[in-house]
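Everything numeric here is computed off the predicted structure, so don't read it as measured data.
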Amino acid sequence: MTTHAPRTAQAVTLPTTLDEAVAALAALPAAVPVAGGTDLMAAVNSGQLRPAALVGLGRISEIRGWQYQDGHALLGAGLTHARMGRPDFAALIPALAAAARAAGPPHIRNAGTLGGNIASAAPTGDALPVLAALEATLVIAGPGGARREIPVSHLLAGVEMLRGGELIGYVRVPLLHAPQVFLKATGRTGPGRALASVALVLDPARRGVRCAVGAIAPMPLRPLEAEQWIAGLIDWDNDRALVPEALHAFGEYVAAACIPDPAPEPDGTVVPLPPAVLHLRRTVAALARRALGRALS
């Protein structure tokens with residue numbers, strides 16, 4: 001499993017329920033929860049982590065599926081990328097399925113989980129901009145059977161953090177029954193680490209557009225003003241029509257909001273963005289433009 005020789009874990013616990021896992025973490029404060037292990041093993045191999053104890057989550061069947069609940073999908077944190085990429089799930093939440101299929105090679109998709117993607121909070125996590133655009137909430141399991149909910153954006157931004165002995169149990173996602181798109185640009189062909197990604201969803205009931213840009217910052221970015229501007233231009237009563245010029249302008253608006261020009265120097269001079277940053281901004285603009293175009297087509 002690893003090319004290094006890390007210190008052997010002092011204890012390995014394999015609970016079969018979510019509450020058992022929480023109890024194990026409370027009893028072993030130094031324990032590290034592990035599901036697919038894709039991020040954990042990378043940290044171990046690089047020498048960044050030497051877990052003193054492990055709490056394995058692979059046997060907890062209750063978090064490996066999903067259910068419908070009051071117009072929402074309640075997704076178990078143990079859902080793998082491979083499972084979310086299947087057609088039945090894609091019919092439920094298309095953008096999240098697309099992100100899951102783009103998460104990496106088969107062995108990563110078969111092991112990596114939704115909860116792990118959120119808990120590790122890696123900027124390049126493909127599911128994160130989708131969950132931000134969908135305004136998903138997390139159901140957190142705590143000691144004594146306690147449950148609390150927080151917006152996924154709060155956890156990713158560090159506004160609210162997991163407390164001792166808590167685990168992400170479920171992800172609550174609204175079912176919009178409307179077009180959703182996920183696109184990403186990588187440095188090579190095929191599934192790989194994102195240089196930039198865009199998730200875009202339409203919300204016809206609220207006549208809204210929600211967009212999140214991933215991989216270019218420590219957390220997904222929501223260009224709220226660009227969302228509101230483009231939503232006001234869409235003809236929601238006429239097949240969601242939009243003039244072609246607005247697509248290009250939306251892409252530029254999103255890119256400039258997420259990668260703004262530098263502030264002027266004290267003497268008034270403006271230092272241009274480095275070529276690599278300008279290329280990234282053009283990439284974000286293209287992704288946002290294409291995502292909106294596909295959602296409206």
Side-chain angles (χ1 to χ4, degrees), residues 38 66 72-73 75 79-106 108-109 112-118 120-136 152-153 156 171-204 208-217 219-224 226-227 230-231 240 247 250-251 254-255 257-258 280 283-297:
T38 54
W66 70 82
H72 292 71
L75 312 178
L79 275 170
T80 64
H81 298 303
R83 184 65 190 89
M84 291 188 290
R86 294 181 187 175
D88 58 340
F89 190 92
L92 188 71
I93 312 174
L96 192 53
R101 289 193 293 265
I108 295 295
R109 298 198 303 272
T113 63
L114 178 61
N117 211 212
I118 299 168
S120 63
T124 53
D126 292 316
L128 304 186
V130 178
L131 296 176
L134 290 169
E135 298 183 343
V152 66
S153 58
L156 298 177
V171 182
R172 191 188 307 279
V173 178
L175 296 176
L176 300 178
H177 304 294
Q180 306 173 10
V181 178
F182 171 80
L183 298 174
K184 80 173 185 178
T186 64
R188 55 188 175 87
T189 58
R193 191 174 296 274
L195 297 177
S197 61
V198 168
L200 187 139
V201 300
L202 300 184
D203 189 349
V209 176
R210 298 206 291 270
C211 176
V213 179
I216 67 171
M219 57 172 285
L221 303 178
R222 287 279 303 277
L224 299 178
E227 293 177 1
I230 199 65
R240 297 191 285 265
L247 281 177
F250 174 71
V254 170
C258 295
L280 183 61
T283 300
V284 171
L287 291 175
R289 180 175 67 250
R290 293 170 188 168
L292 180 60
R294 292 187 186 183
L296 294 174
S297 63

Next item on the list: For the pair Val198 and Val181, evaluate side-chain contact (heavy atoms from CB on, under 4.5 Å) and give the outcome as yes or no after the intermediate values.
Entry: CA-CA 8 Å; Val198 168; Val181 178; over 6 Å; no
Next item on the list: Look up atom CG in Leu200 and atom SG in Cys211, then write down how far apart they are to the nearest 0.5 Å.
Entry: 5.0 Å
Check: If you take all heavy atoms of Ala196 and Thr283, which pair is closest and at what distance?
Finding: CB-CG2, 4.3 Å
Next item on the list: Report the C-alpha separation of Leu134 and Val152 in whole Å, then their side-chain angles, then the decisive distance to 0.1 Å, and conclude whether the side-chain contact (heavy atoms from CB on, under 4.5 Å) test is met.
Entry: CA-CA 10 Å; Leu134 290 169; Val152 66; over 6 Å; no
Next item on the list: Can you run down the side-chain hydrogen bond (donor to acceptor under 3.5 Å, both in side chains) pairs that involve residues 85-99, sequence neighbours left out, and say none if there aren't any?
Entry: Arg83-Asp88
Margin query: Test side-chain contact (heavy atoms from CB on, under 4.5 Å) on Ile93 and Gln180; report intermediate values, then the result.
Written below: CA-CA 8 Å; Ile93 312 174; Gln180 306 173 10; 3.6 Å; yes
Next item on the list: Check whether any side-chain heavy atom of Trp66 lies under 4.5 Å from a side-chain heavy atom of Leu92, and answer yes or no.
Entry: yes
Checklist line | Spatial distance of atom CZ (Phe182) from atom CG (Leu96) [nearest 0.5 Å] | finding: 9.5 Å
Margin query: Holding to side-chain contact (heavy atoms from CB on, under 4.5 Å), I want the full list of residues that pass it with Ala285, two or more places apart in sequence or in another chain.
Written below: Glu252, Ala255
Next item on the list: For Leu156 and Ile118, work out which heavy atoms get closest and say how close.
Entry: CD2-O, 4.1 Å
Check: Rounded to the nearest 0.5 Å, what separation is found between the CG atom of Leu175 and the NE2 atom of His72?
Finding: 7.5 Å
Checklist line | Spatial distance of atom CG (Leu128) from atom OG (Ser153) [nearest 0.5 Å] | finding: 11.5 Å
Note to self: For a quick test of reading the model, state the closest non-hydrogen atom pair linking Val173 to Ala136 and the distance between them.
What the structure shows: CG2-CB, 4.0 Å
Margin query: Taking the side chain as everything from C-beta on, heavy atoms only, tell me whether Arg210 gets closer than 4.5 Å to Leu176.
Written below: yes
Notebook entry, point to check: Taking all atoms of both residues into account, what is the closest heavy-atom pair of Arg222 and Ala212, and its distance?
Noted result: CD-CB, 4.0 Å
Item checked: Leu280 to Leu195 - nearest heavy-atom pair and separation -> CD1-O, 3.7 Å
Margin query: Just so I know, are the side chains of Ile216 and Cys258 near enough to count as touching, which here means a heavy-atom distance under 4.5 Å?
Written below: yes
Notebook entry, point to check: In this structure, which one of Arg193, His81, Lys184 forms a side-chain hydrogen bond (donor to acceptor under 3.5 Å, both in side chains) with Asp126?
Noted result: Lys184
Next item on the list: Starting from the C-alpha separation in whole Å, work towards a yes-or-no answer on side-chain contact (heavy atoms from CB on, under 4.5 Å) for Leu247 and Ile230.
Entry: CA-CA 9 Å; Leu247 281 177; Ile230 199 65; over 6 Å; no
Item checked: salt bridge (charged side-chain N to carboxylate O under 4.0 Å, His left out) involving Arg240 - partner list, sequence neighbours excluded -> none
Notebook entry, point to check: Looking at Ala133 and Val201, what are the two nearest heavy atoms and their distance?
Noted result: O-CG2, 3.6 Å
Notebook entry, point to check: Hey, what do you get for CE (Met84) to CG (Asn117), rounding to the nearest 0.5 Å?
Noted result: 7.0 Å
Notebook entry, point to check: CG/Leu292 to CG/Leu183 distance, rounded to the nearest 0.5 angstrom?
Noted result: 11.0 Å
